[in-house]
Amino acid sequence: MTFPEGFLWGVATAAFQVEGSTTADGRSPSIWDAFCEREGAVANGDTGDPAADHYRRMPEDVALMRELGVGVYRFSVAWPRVRPDGGEVNPAGLDFYERLVDSLLEAGILPWPTLYHWDLPNALEERGGWANRDTAYRFADYAAAVLDRLGDRVRTWTTLNEPWCSAFLGYATGRHAPGRTEPESAVAAAHHLLLAHGLGADAVRSSASDSQVGITLNLFPVSAADPDSAEDREVARRVDGVQNRLFLDPVLRGRYPEDVFADLEPFGLRDVVREGDEDVIAGTDFLGVNYYRDLHVAATPEGEVRRPSEWVGVERVAFPKRGLPQTDSGWDVNAEPLTGLLVHLHTDYPRVPLYITENGVAYADVVGADGRVDDPDRIAFVEQHLRAAHRAIEQGVDLRGYFYWSLLDNFEWGEGYAKRFGLVHVDYGTQRRTPKASAAWYSRVMADNGLAGRE
Ligand code: IFM
């Protein structure tokens with residue numbers, strides 16, 4: 001099972017999850033620093049320090065990637081390092097990313113930066129955060145500053161990672177920073193994040209016209225538990241609407257889907273969309289797909305009540321058990337829907353190259369007495385997902401790369417350090433890195449451009 005020539009093999013991380021050093025070189029607090037300080041918001045009272053101490057250990061981590069044969073490294077730039085209060089540029093913050101990009105290039109690894117992976121400067125949250133339209137313009141200023149420094153060396157840019165999480169987990173459920181439970185603010189945030197994508201993409205195009213700019217969405221195939229039930233189908237439509245189409249359609253088709261627009265009208269979507277916004281949002285050179293699982297939903301009177309819900313407008317939803325194996329995060333392992341998702345994106349939307357910018361799994365890995373970390377379940381997980389991705393390619397899908405999430409164990413948001421997604425185990429006490437068995441396995445996959453000889 002070989003992937004097309006030139007297929008990119010990578011690993012991914014994000015600034016707040018790995019860097020640590022949250023007060024170094026002029027960085028200001030982000031919404032996640034503030035959220036971590038709030039009692040009970042994050043498991044075990046964990047904070048963004050030390051994370052995986054990547055800010056200080058970056059050369060060691062780049063050397064590790066080189067040894068593994070990583071082709072491309074997806075990381076994020078921390079806005080609070082670059083424009084600490086959303087205002088003036090902080091050159092010392094940009095220095096870190098310049099060193100990182102130069103080290104990657106020297107190691108023969110392609111840099112793939114994301115401009116926003118959830119760490120809004122807290123000063124901007126104090127001015128309304130993503131519910132305030134102005135934040136989208138501040139994002140464009142921030143993007144311009146990063147482009148000004150790195151635009152001559154980076155060829156591929158991503159504006160946002162998973163704006164659904166920023167908007168709905170952050171502003172509707174309160175499970176993510178900034179921890180607000182205001183469905184109307186979540187809907188406004190979703191629109192302003194999309195606007196930020198459009199404005200940020202314009203900033204990239206105007207300062208580095210020969211580079212590519214895209215967006216990464218976390219997409220969940222949604223199925224109705226009972227396809228013959230109109231109620232189940234309606235819940236599935238609404239969940240799919242807020243989770244997937246609210247973001248896909250404006251970016252790829254230039255318009256909000258009519259049904260989702262109507263569903264979210266009572267929550268103020270019409271009030272925040274101004275004339276011309278959809279034209280600004282439209283357009284992407286590629287689509288990054290983050291796939292972890294699918295959603296199998298039912299509408300039953302006994303169903304779980306989610307108030308406020310991450311799918312605004314859906315308050316009662318059940319997730320009938322399917323007997324599938326589960327990850328340490330409690331998510332069903334189900335690779336098969338990935339094939340259908342990729343085929344759907346390729347055939348039902350205007351064509352853009354696709355990349356799986358995240359796929360991975362948390363298991364309770366332990367360092368054995370022999371100093372090794374054996375993680376056969378992770379290897380099986382990745383293999384199943386690569387096979388599913390390959391089946392999509394066989395059906396003609398223009399899939400150009402795969403990034404494992406994550407290079408390192410790291411800070412898993414509300415779960416703190418309790419969930420380990422890394423190919424490389426991190427001992428947070430000593431910061432010792434131990435590549436897991438999956439790292440050696442993935443290294444061979446990258447070298448072989450697939451699962452050669454393992455059909
Ligand atoms: O850790 C996160 C990442 O920040 C965004 N995508 C999902 C990952 C696992 O939950």
Side-chain angles (χ1 to χ4, degrees), residues 10-20 30-33 35-36 41-44 46-48 51-52 54 73-79 112-120 158-170 173 175-178 193 214-221 243-244 247 287-295 310 326-335 338 341 355-365 375 377-378 381-382 385 401-426 428 438:
V11 291
T13 66
F16 192 76
Q17 294 180 270
V18 296
E19 286 179 358
S30 72
I31 51 174
W32 270 95
D33 296 280
F35 192 64
C36 288
V42 170
N44 309 318
D46 289 342
T47 70
H54 176 70
Y73 177 46
R74 176 174 180 259
F75 59 95
S76 78
V77 178
W79 187 346
W112 188 289
T114 297
L115 289 164
Y116 186 69
H117 197 128
W118 309 355
D119 44 2
L120 184 71
T158 299
T159 52
L160 310 177
N161 178 73
E162 303 181 358
W164 175 83
C165 294
S166 305
F168 292 98
L169 299 182
T173 70
R175 295 206 309 270
H176 275 194
L193 281 151
I215 187 168
T216 275
L217 303 176
N218 53 333
L219 301 173
F220 295 66
Q243 180 74 57
N244 302 318
F247 298 93
L287 178 67
V289 177
N290 290 358
Y291 179 82
Y292 288 88
R293 59 181 167 142
D294 66 328
L295 296 171
E310 58 266 64
Q326 299 223 317
T327 73
D328 203 31
S329 312
W331 301 341
D332 284 348
V333 176
N334 198 9
L338 174 60
L341 169 66
Y355 294 86
I356 296 175
T357 38
E358 280 182 34
N359 173 240
V361 63
Y363 286 122
D365 306 311
D375 56 346
D377 290 348
R378 178 170 292 103
F381 180 98
V382 179
H385 286 80
Y402 174 93
F403 297 70
Y404 180 77
W405 179 272
S406 171
L407 170 67
L408 301 166
D409 288 341
N410 61 49
F411 175 86
E412 175 60 7
W413 308 113
E415 312 274 5
Y417 297 102
K419 303 283 177 260
R420 295 185 176 272
F421 278 87
L423 291 173
V424 176
H425 181 275
V426 176
Y428 295 110
S438 57

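Whatever order the structure lists them in is the order used to number ligands and atoms, beginning at 1. The structure presented is a predicted model; accordingly, all values stated were derived computationally and were not measured.
Here is the list of ligand 1 atoms found below 4.0 Å of a heavy atom in Trp413: 1 (O), 2 (C), 3 (C), 4 (O). Close approach of ligand 1 to Glu162 is summarised as follows: ligand atoms under 4.0 Å from at least one heavy atom of the residue are 5 (C), 6 (N), 7 (C). Heavy-atom contacts of Glu412 reach the following atoms of ligand 1: 1 (O), 2 (C), 9 (C), 10 (O) (cutoff under 4.0 Å). Annotation for ligand 1: atoms under 4.0 Å from non-hydrogen atoms of His117 are 3 (C), 4 (O), 5 (C). For ligand 1 and Tyr292, the ligand atoms under 4.0 Å from any heavy atom of the residue are 6 (N), 7 (C), 8 (C), 9 (C).
Taking the six-membered ring where tryptophan is involved, the planes of Tyr417 and Tyr428 are tilted, since the angle between them lies from 30° to 60°. Between Trp118 and His176, the two ring planes are tilted [angle within 30° to 60°].
The pair Arg420-Asp375 does not meet the salt-bridge criterion, since no charged nitrogen lies less than 4.0 angstrom from a carboxylate oxygen.
If you look at Tyr402 and Tyr355, their ring centroids are not closer than 6.0 Å. Remark: aromatic rings of Tyr292 and Trp331 are close, center separation under 6.0 Å.
For Tyr291 (side chain) and Leu219 (main-chain N/O), no donor-acceptor pair under 3.5 Å exists by modelled atom type.
Considering both main-chain and side-chain atoms, Glu358 comes within under 3.5 Å of ligand 1 through a nitrogen or oxygen pair. Close N/O approach between Gln17 and ligand 1 is found [any backbone or side-chain N/O within under 3.5 Å]. The shortest N/O to N/O separation between Trp331 and ligand 1 does not fall below 3.5 Å.
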